[in-house]
Amino acid sequence: MSLTKRAAVITSAAALTGVAFLPSAGAADTTSSISTSKVIQTRDGSPRAISCDKGDVCFYNSDWKRCSWPVADVNWSTGVLQCSWAKTRNVYYVWNNGTSNASGVAYYLNADYKNRVGCTRQQKSGYLQNTYKVASHKWISGNCG
């Protein structure tokens with residue numbers, strides 16, 4: 001996504017919700033040393049290349065289809081940035097490539113940040129249980145598991 005489009009999405013999301021989002025609109029800048037791609041070892045032991053833009057949180061299903069956001073999203077199905085598989089597929093893997101001073105990204109079973117099921121710290125990633133669908137997420141300060 002271009003820097004202009006990402007900035008427009010962040011501005012639109014803030015205008016619709018009245019919420020200031022972390023990280024800032026500069027999250028699309030890829031000139032820093034924070035990696036936007038990496039190779040991970042899948043659960044079956046094979047290598048897998050994945051990517052996640054600097055400043056984003058990225059969620060993947062078991063087919064490695066990715067949904068990513070530079071901002072919080074109160075509803076993955078109807079928000080400014082929508083995740084096409086969120087209602088039908090479980091979350092398999094998460095990468096928080098966030099760069100703000102938030103402690104992490106919390107994610108929830110339901111829209112409106114209800115029924116928290118996990119939190120992933122900034123610059124961390126890992127496998128989730130692959131037994132639940134996620135409907136919303138937000139950057140938080142404080143306890144992030």
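Note that the numbering runs from 1 along the sequence shown for the chain. Every value quoted in this text rests on a predicted model; they were computed, and no experiment measured them.
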Q | Step-by-step side chain to side chain contact (heavy atoms under 4.5 Å, CB included) determination, W76 to H137 | A | CA-CA 8 Å; W76 285 16; H137 72 274; 2.9 Å; yes

Q | Spacing of CD1 belonging to I140 relative to CZ belonging to R116, to within rounding of 0.5 Å | A |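 One finds 4.5 Å between CD1 of I140 and CZ of R116.
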
Q. How long is the gap from CG on N97 to OG on S68, to the nearest 0.5 Å?
A.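 Rounded to the nearest 0.5 Å, the CG-OG separation comes to 10.5 Å.
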
Answer yes if the side chains of [X] and [Y] hold a donor-acceptor pair under 3.5 Å, and no otherwise.
X    : Y    : value
N115 : N110 : yes
Q123 : W95  : no
N96  : K124 : no
T120 : Y107 : yes
S100 : Q122 : yes

For a 4.5 angstrom cut-off between non-hydrogen side-chain atoms, does [X] reach [Y]?
X    : Y    : answer
N130 : N90  : yes
V57  : P70  : no
I50  : R66  : no
V94  : L128 : yes

Q | Working for salt bridge (Lys or Arg N to Asp or Glu O under 4.0 Å), residues D63 and R89 | A | CA-CA 10 Å; D63 289 332; R89 300 292 304 269; 2.8 Å; yes

Looking only at non-hydrogen atoms, find the nearest pair between [X] and [Y] and report the distance.
X    : Y    : result
W139 : D56  : CZ2-C, 4.2 Å
Y93  : S125 : OH-OG, 3.0 Å
C119 : G104 : SG-C, 4.2 Å
S136 : V74  : CB-O, 3.3 Å
S141 : A102 : OG-CA, 4.3 Å
N75  : A111 : ND2-CB, 3.5 Å

Q. Would C67 and C58 satisfy disulfide bond (SG atoms under 2.5 Å apart), going step by step from the backbone distance to the final call?
A. CA-CA 6 Å; C67 289; C58 299; over 6 Å; no

Q | Parallel, tilted or perpendicular: ring planes of F59 versus W69, cut at 30 and 60 degrees | A |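 Ring orientation of F59 relative to W69: perpendicular.
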
Q.
My understanding is that only residues two or more places apart in sequence, or in another chain, count here; which of them pass ring-ring contact (aromatic ring centres under 6.0 Å, His included) with Y108?
A.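 Counting only residues at least two positions away or on another chain, Y108 forms a ring-ring contact (aromatic ring centres under 6.0 Å, His included) with Y113.
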
Q: Test K133 against V91 for side chain to side chain contact (heavy atoms under 4.5 Å, CB included), laying out the working first.
A: CA-CA 6 Å; K133 294 165 187 61; V91 175; over 6 Å; no

**Q.** Stepwise ring-ring contact (aromatic ring centres under 6.0 Å, His included) check, Y60 with Y92
**A.** CA-CA 6 Å; Y60 303 81; Y92 185 67; 9.2 Å; no

